[in-house]
Amino acid sequence: MAENPVCTAQMNVRSGSQSNSCISILGGSGNSINNSSNIVPVLFCFSVFARPSSVPQGSGYEVLIKKFLSLYGDQIDMHRKFVVQLFAEKWGQYIDLPKGFIISKSCKIRLVPLQIQLTTLGNLIPASTVFFCCDMQERFRPAIKYFGDIISVGERLLQGARILGIPVIVTEQYPKGLGGTVQELDLTGVKLVLPKTKFSMVLPEVEAALAELPGVRSVVLFGVETHVCIQQTALDLIGRGVEVHIVADATSSRSMMDRMFALERLALNGIIITTSEAILLQLVAGKDHPNFKEIQNLVKASAPESGLLSKV
């Protein structure tokens, strides 16, 4: 497969030959636009979002990049590099576009960050963070290991989110049969409470909610079950360029073995496994934060010393 040109925000707009392997996020090298009047529908995906649009048949990289900018301009980090990929039905996954690619029929493409800036890797900032609370429901209480402990920690995270003004998205797996979110969790002020049947939280309604929050870089994820809904949500998010922090003391499964291997797999995929106290203190960064005292009071009592550290 031919090398895919890399988009970099720090290059000037220009058209050039295919020998130039880089294109600008503001436009760059690529095929010229075909003058055909045929319009082709294209689904443009970026981060957790997917937005339908259209381009002239014969459009190349320059038009695609400009279209991404018109759809997601406020959310694209102009200091990062990106790669454009096409969803290939044959393989059932995204593949890098070859040089010389032009739009000839309806398709789905995405813009993927090529690298994460080391200066921001793992760094949580309230203004660019969202909390995801996954399926903390009543019917799971008897089955999930140490469910009472993760409820306690989950409530601490929700309190912290309210103090810091961080948006919270909550899902409930088939609430008609499994009940709603447990009463111990105070959902006052959350941005969205959404029923679902899909395991992943990355649903169209969640994408729409995130679209209202430009600049989101990080998701703090907690709930159940670690090896099912948490895992699939985390993988969907990092596949869209969002950094994911899983709160280990606020997530569990029916089986501790399933939980252990899920967390190990996720860590190998670049997802950050952390704790509630680490999250909350990282978000205030120090005693000079105006909400430091309130957060300090939240973490004065340590999280429950449960069996979540057990491997099986």
Side-chain angles (χ1 to χ4, degrees), residues 1-117 200 202-204 207-208 210-211 214-217 235-243 269-270:
M1 183 177 297
E3 180 185 359
N4 182 22
V6 173
C7 314
T8 173
Q10 298 173 328
M11 295 183 64
N12 296 324
V13 179
R14 61 179 176 176
S15 296
S17 67
Q18 288 296 312
S19 61
N20 187 342
S21 65
C22 292
I23 61 175
S24 170
I25 198 67
L26 301 176
S29 63
N31 289 358
S32 60
I33 304 174
N34 191 306
N35 291 324
S36 169
S37 61
N38 294 331
I39 299 299
V40 180
V42 177
L43 185 65
F44 288 85
C45 304
F46 175 70
S47 183
V48 297
F49 312 112
R51 296 174 183 171
S53 189
S54 59
V55 296
Q57 188 176 38
S59 296
Y61 278 98
E62 183 175 18
V63 173
L64 298 178
I65 295 303
K66 287 183 177 179
K67 179 62 74 170
F68 272 114
L69 264 186
S70 70
L71 293 170
Y72 300 108
D74 292 340
Q75 299 163 52
I76 294 176
D77 185 343
M78 302 298 287
H79 300 288
R80 295 181 66 177
K81 295 181 179 180
F82 299 84
V83 64
V84 181
Q85 296 184 322
L86 169 74
F87 187 81
E89 297 288 348
K90 177 179 179 180
W91 306 110
Q93 64 181 15
Y94 284 94
I95 61 171
D96 294 348
L97 267 65
K99 290 182 180 179
F101 173 83
I102 60 172
I103 296 291
S104 60
K105 61 181 181 179
S106 178
C107 61
K108 180 166 67 171
I109 62 173
R110 70 178 181 180
L111 189 66
V112 183
L114 190 63
Q115 63 183 20
I116 297 176
Q117 298 297 311
S200 174
V202 184
L203 304 170
E207 293 182 352
L210 290 175
V216 171
R217 294 172 180 259
L235 293 175
D236 280 350
L237 287 170
I238 63 166
R240 290 164 168 79
V242 177
E243 185 177 81
N269 279 273

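Side-chain atoms of Q57 come within 3.5 Å of backbone N or O of S104 as a donor-acceptor pair. Counting only distance, with no hydrogens or angles, the side chain of R51 and the backbone of L71 share a donor-acceptor pair below 3.5 Å. A donor-acceptor contact shorter than 3.5 Å links the side chain of Y72 to the backbone of F44.
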Applying side-chain contact (heavy atoms from CB on, under 4.5 Å), run through L97 and Y61 and close with a yes or a no. CA-CA 10 Å; L97 267 65; Y61 278 98; 3.0 Å; yes

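Using a 4.5 Å cut-off on side-chain heavy atoms (C-beta onward), R110 and Q85 make contact. By the 4.5 Å heavy-atom criterion applied to side chains, F82 and F46 are counted as neighbours. Taking 4.5 Å as the limit, some side-chain heavy atom of L111 sits within range of a side-chain heavy atom of I65. Looking at S53 and V55, their side chains never come closer than 4.5 Å, going by heavy atoms from C-beta outward. Taking 4.5 Å as the limit, some side-chain heavy atom of F87 sits within range of a side-chain heavy atom of E89.
If you take CD on Q93 and CG on L86, they are separated by 11.5 Å, rounding to the nearest 0.5 Å. Here NZ of K67 is found 10.5 Å from CD1 of I109. Values are rounded to the nearest 0.5 Å. Rounded to the nearest 0.5 angstrom, F101 CZ and S59 OG are separated by 10.0 Å.
Across I95 and A88, no two heavy atoms sit closer than the pair CD1-CB, 3.9 Å. The two residues P56 and I39 have their closest heavy-atom pair at CA-CD1, 4.0 Å. Heavy atoms only, all atoms of each residue included: E207 and V202 are closest at OE2-CG1, 3.7 Å.
In this structure S47 satisfies the side-chain hydrogen bond (donor to acceptor under 3.5 Å, both in side chains) test with no other residue, sequence neighbours excluded. Residues meeting the side chain to side chain contact (heavy atoms under 4.5 Å, CB included) test with A208, sequence neighbours left out: none.
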